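Because the structure is a prediction, the values reported are computed rather than measured.
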Amino acid sequence: MAKETIAGLAKRLGISKASVSYALNGQPGVSDLTRRRVLDLAEELDWYPSSSARALSRSRAGAVGMVLAADPLLIGTEPYHMGLLTGIETALAAGDTSLMLRMVGNDPVQERATYERWAGERKVDGVLVFDHLLDDPRPALLDRLGLPFVLHGAPESGALPTFSRTTTDHAVDATTIVDHLHAVGHRRIAHVSGPHRFVHEAERVRGVRERAARHGMEVLPYEANYALLAGHGAVTALLRAPEAPVTAVVFGNDLMAMGGLLALRELGLRCPDDVAVISWDDSLHCQLATPAVTALSRNPGMQGRVAAELLLAVLDTGTIRTESMPRSELMVRASTAPG
């Protein structure tokens, strides 16, 4: 059945649409009796679930939403997302705003339904959007739903956006990684990336390929899914292939790098003597591994804090801004030490 509208509520009660809006949003302009009639009818028609009753008495929900479209088990063990959440919570706590988090797996239908439900029930005031997709349908959807949002990790280039965003220059990060591997003697490397449907992965793949070409290096691409077992499988497949072996592997995150180290041990190969390893994300995993893994320090806590602050600014003042993330720092460790 179609959801009732404000006009429909007004017709049922014999009052104006403005009076219904004032009552639902906790604004002055209606009597206590009228406000009670509106709220009672809204609850009777399940226009807002009872869990949203508190939101009916004020103009804002006091919460922002975040949908992570990834395997919950991966998110729970992946330090990058944990760092993001820490930074987000730091910013929201300062503004006395709650975070509503949903993990929907790789299910775009469920993600869309979550946004529609949040908008219809007024559960959140705005949302943080992560893992920008090629031809991403979410910005247009959120615009249609009237949900303010911030897109974290948008491309550096492109038309001036109509929404707030954070950007990262992945070509610069790719240059940092490839230049380091070239400097320590590698000429044939593999790049184990995350899914290419993500804009940031497509830009990383292109950045690694183009920088390697300038050095006369060869790159073997391998698409994976960020999980530890994916890194293990990638190394096993790459090093058992009939072609000449690679001498270094770039992993899209730290968990895949750990899986790659496990595979090297099982294959009887030494790191970095036989194969060097480098990660696009730094974490305690990289620092405590044997050998310790060279990695890009990208400060996910800071990234999460900035994204949340941008959203709070949109909600408070309507300010639209773009914030470029600072250049990542390469933490050189034993996994790429020259032999």
Side-chain angles (χ1 to χ4, degrees), residues 3 6 21 24-27 47-49 51-70 75 81 83-104 107-133 136-155 158-168 199-200 300-325:
K3 194 177 188 72
I6 286 180
S21 179
L24 291 173
N25 290 296
Q27 297 176 347
W47 203 80
Y48 293 103
S51 62
S52 296
R54 290 180 64 192
L56 293 172
S57 65
R58 59 185 182 179
S59 60
R60 281 174 59 167
V64 300
M66 177 176 171
V67 179
L68 291 179
I75 294 172
H81 281 105
L84 276 178
L85 288 171
T86 298
I88 291 168
E89 285 286 7
T90 298
L92 295 183
D96 196 25
T97 302
S98 301
L99 175 66
M100 186 170 292
L101 176 65
R102 288 291 179 271
M103 300 184 189
V104 298
D107 186 351
V109 173
Q110 191 176 351
E111 182 174 8
R112 178 190 180 99
T114 299
Y115 293 135
E116 291 175 338
R117 185 169 63 253
W118 282 348
E121 298 172 1
R122 297 177 61 246
K123 288 273 192 175
V124 300
D125 300 310
V127 295
L128 294 162
V129 180
F130 293 84
D131 293 329
H132 188 33
L133 302 168
D136 200 327
R138 294 173 298 177
L141 169 66
L142 294 170
D143 272 341
R144 181 175 64 78
L145 295 174
L147 268 180
F149 67 95
V150 168
L151 177 58
H152 175 66
L160 187 66
T162 57
F163 50 84
S164 286
R165 61 179 187 167
T166 67
T167 63
T168 298
V199 169
H200 69 270
M302 176 274 297
Q303 294 184 21
R305 176 180 55 77
V306 170
E309 289 173 347
L310 288 176
L311 182 55
L312 291 175
V314 172
L315 298 177
D316 291 340
T317 66
T319 303
I320 302 298
R321 296 207 323 267
T322 294
E323 290 286 345
S324 297
M325 295 297 96

Determine, stepwise, if the pair Glu89 / Leu99 fulfils side chain to side chain contact (heavy atoms under 4.5 Å, CB included).
CA-CA 7 Å; Glu89 285 286 7; Leu99 175 66; 3.8 Å; yes
Would you sort out whether His81 and Phe130 count as a side chain to side chain contact (heavy atoms under 4.5 Å, CB included), showing the intermediate values?
CA-CA 10 Å; His81 281 105; Phe130 293 84; 5.9 Å; no
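Summarising the geometry of Lys123 relative to Ala63, their closest heavy-atom pair is O-CB, 3.9 Å, with the distance given to 0.1 Å. Between Gly146 and Pro148, the shortest heavy-atom distance links the atoms O-CD, 3.4 Å. Smallest separation of non-hydrogen atoms from Val124 and Val127: CG2-CG1, 4.1 Å. Of all heavy-atom pairs spanning Pro139 and Phe163, the tightest one is CB-CE2, 4.4 Å. Among all heavy-atom pairs drawn from His132 and Asp136, the shortest one is ND1-OD2, 3.2 Å. What you find for Val64 and Leu92 is that their closest heavy atoms are CG2-CD1, 3.5 Å.
Side-chain contact between His152 and Leu310: absent, with no pair of heavy atoms (C-beta onward) separated by less than 4.5 Å. Between Gln303 and Glu323 the shortest side-chain heavy-atom distance does not fall below 4.5 Å. Taking 4.5 Å as the limit, every side-chain heavy atom of Ile320 sits out of range of all side-chain heavy atoms of Arg165.
Proximity of a side-chain donor or acceptor of Asp125 to a complementary backbone N or O of Ala61 within less than 3.5 Å is detected.
Partners of Thr168 under the side-chain contact (heavy atoms from CB on, under 4.5 Å) rule, at least two apart in sequence or in another chain, are His170, Asp173, Met325.
Checked options Leu133, Val67, Asp143; the residue passing with Arg138 is Leu133 (criterion: side chain to side chain contact (heavy atoms under 4.5 Å, CB included)). With Tyr115 as reference, Glu111 is the one residue of Arg117, Arg112, Glu111 to meet the side chain to side chain donor-acceptor pair (under 3.5 Å) rule.
With no hydrogens or angles considered, no side-chain donor-acceptor pair links Ser164 and Arg321 at under 3.5 Å.
In this structure, the separation between OG1 on Thr114 and CE on Met66 is 13.5 Å, given to the nearest 0.5 Å. Atoms CG and CG, on Leu68 and Leu85 in that order, are 6.5 Å from each other to the nearest 0.5 Å.
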